[in-house]
Amino acid sequence: MDAKNRFETKTTFALSRLEWLGFLAVSLVLAFQHLPDIRWGVFVLLFAVIDVIGYLPGAIAFRRSPDRRVPRGCYVAYNVMHSLVTAGVLAGAWALFVRPEWALLALPIHLMVDRALFGNSLKPFGVPFEPEADPNFREFEQKYRPVFPGNPVPRTRHVEGPNAVGA
């Protein structure tokens, strides 16, 4: 994936998830090392607020919608609340105005569980709010699947113009 090709194959996606898993492991080790110092009410509040504001409204709207469409605001809320930038700002503000504390680890733990274990990141407007495979993406995966001995070479077609995908 690069600035001109913003998509991932199964392999590059797995490698990204492995990086997030490393960050999750560091966050969990720190939490376990400081279990007695964590204010659990604050931890649970910070862990939950991400989904209470960022996920639940969109999930409810998605399930209630006959055409499975949700307002764009649900995507914005999800992306804002599931952003590492938002988590950093929230943690910084909490440390400044309340106090620095180990309960703030709830923020990276939540985000890294979403990314590393569930494979969820930010949601683009053009896909359903709840995960489902897009037919165009399935075609992309077929075209860019790994080639191994015994696995036939994927067929490629030459496409020019705005729909071209560089091989």
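No hydrogens, no waters, no symmetry mates; every other heavy atom, side chains included, goes into these values.
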N-O pairing of Arg68 and Glu130 below 4.0 Å: no
Determine whether a donor-acceptor pair (N or O, by modelled atom type, separation under 3.5 Å) exists between the side chain of [X] and the backbone of [Y].
| X | Y | value |
| --- | --- | --- |
| Thr86 | Val80 | yes |
| Arg63 | Ala59 | yes |
| Tyr55 | Tyr78 | no |
| Lys123 | Tyr75 | no |

Shared ILVMFWY cluster between [X] and [Y], side chains joined below 4.5 angstrom?
| X | Y | result |
| --- | --- | --- |
| Leu35 | Val44 | no |
| Phe13 | Leu21 | no |
| Val113 | Val29 | no |
| Phe129 | Phe125 | yes |
| Leu122 | Leu56 | no |

Atom of [X], atom of [Y] and distance for their closest heavy-atom approach:
| X | Y | value |
| --- | --- | --- |
| Leu104 | Ala91 | CD1-O, 3.8 Å |
| Val70 | Cys74 | CG2-CB, 4.0 Å |
| Leu105 | Ser27 | CD1-O, 3.9 Å |
| Val42 | Ala103 | CG1-CB, 3.7 Å |

Neighbour count >12 (heavy atoms, 6.0 Å) for atom CZ, Arg39: yes
Atom CZ of Arg72 with >12 non-hydrogen neighbours under 6.0 angstrom: no
Gap between atom [atom2] of [Y] and atom [atom1] of [X] - 0.5 Å precision:
| X | Y | atom1 | atom2 | value |
| --- | --- | --- | --- | --- |
| Asp37 | Leu30 | CG | CG | 11.5 Å |
| Arg99 | Trp94 | CZ | CH2 | 9.5 Å |
| Leu84 | Met112 | CG | CE | 4.5 Å |
| Ser121 | Asn79 | OG | CG | 8.0 Å |
| Arg17 | Thr12 | CZ | OG1 | 12.0 Å |

Inter- and intrachain pairs under ring pair (Phe, Tyr, Trp, His ring centres under 6.0 Å), touching residues 16-37, at least two apart: His34-Trp102
Let me check something: any side-chain donor-acceptor pairs from residues 46-54 under 3.5 Å, sequence neighbours excluded? List them with distances.
| from | atom 1 | to | atom 2 | distance (Å) |
| --- | --- | --- | --- | --- |
| Asp51 | OD1 | His82 | NE2 | 3.0 |
| Asp51 | OD1 | His110 | NE2 | 3.4 |
| Asp51 | OD2 | His110 | NE2 | 3.4 |

Leu111 vs Met81 side-chain heavy atoms within contact, under 4.5 Å: no
Qualifying salt bridge (charged side-chain N to carboxylate O under 4.0 Å, His left out) pairs with a residue from residues 83-92, counting only residues at least two apart or across chains: none
